[in-house]
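So the structure is just underneath, and the comments pick up after that.
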Amino acid sequence: MLLFLDTANINEIKEINQWGVLNGITTNPSLVVKEGGDFKSLVKEICSIVKGPVSAEVVSTETEGMVKEGRDIATWAENVMVKCPLTPAGLAATSILNSEGIKVNVTLCFSVNQAILAARAGATFVSPFLGRLDDINEDGIRLIEDIVEVFRIHDLKTKVLAASIRHPVHITKVALAGADIATMPYKVFKQLVHHPLTDAGLQAFLADWNKAKVAVSSKA
Ligand code: G3P
């Protein structure tokens with residue numbers, strides 16, 4: 001499973017990118033607006049930092065506008081990917097952009113049927129939002145499991161990108177469900193690496209090492 005960061009914050013991207021485990025970035029209009037500045041310059045900067053795909057979302061609601069925006073976004077960088085919403089207009093735009101060789105991440109997916117439509121429209125990625133389903137008492141993980149299974153049964157090539165991840169347990173569960181990619185906020189990425197036994201173990205190893213070094217140097 002590939003690991004993406006769900007942010008448009010340059011400092012967060014640079015920090016996690018240094019770990020050598022970051023495979024891509026997803027942004028959305030809310031995340032971009034939070035950072036301020038010019039959308040195009042921000043996306044271009046993110047694309048220059050990260051090797052993998054960087055999703056940038058269209059804001060038109062009609063097919064024609066989405067296609068126009070998508071064609072423009074696709075020229076910003078080699079690794080940019082257009083993000084379209086899972087609406088009839090978004091599916092139509094996805095189909096047109098895909099026929100032109102432009103990769104699309106279809107976002108705001110909340111059901112298996114929507115995911116099938118995204119795949120049939122030619123989406124490269126489909127993004128089911130599991131946290132927002134959990135928020136309304138539905139089972140977000142179950143949705144990921146079901147989409148993965150349906151895509152396997154019907155040999156649909158669209159990658160399942162688990163989005164709207166809220167905590168580290170979500171990551172383990174979507175990995176077990178067979179998601180191709182998980183995109184998560186900076187906070188969750190940081191939570192993945194920490195374990196109290198790792199910290200305690202390292203402290204004990206270093207304390208033993210330093211004690212032994214003191215003992216050797218006092219014998220010399
Ligand atoms: O980028 C889309 C998605 O990950 C949003 O997450 O936490 O706003 O539901 P959230």
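Counting convention: from 1, in listed order, for ligands and their atoms alike. Side chains included, hydrogens not; waters and symmetry mates left out as well; all remaining heavy atoms used.
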Using the side-chain hydrogen bond (donor to acceptor under 3.5 Å, both in side chains) criterion, which residues pair with S55? Sequence neighbours excluded. N105

Quickly, which of V80, V67, V82 forms a side chain to side chain contact (heavy atoms under 4.5 Å, CB included) with I102? Name it, please. V82

By ring pair (Phe, Tyr, Trp, His ring centres under 6.0 Å), F39 pairs with (sequence neighbours left out) W76

Quick one: which residue pairs count as a salt bridge (Lys or Arg N to Asp or Glu O under 4.0 Å) with a foot in residues 88-107, not counting sequence neighbours? R71-E100

Over all atoms of both residues, closest heavy-atom pair of C47 and V54: SG-CB, 3.7 Å

Considering only heavy atoms, which protein residues lie less than 4.0 Å from any atom of ligand 1? D6, N28, K83, F129, R132, A163, S164, R166

Answer yes or no: is there a side-chain heavy-atom contact under 4.5 Å between P168 and T172? no

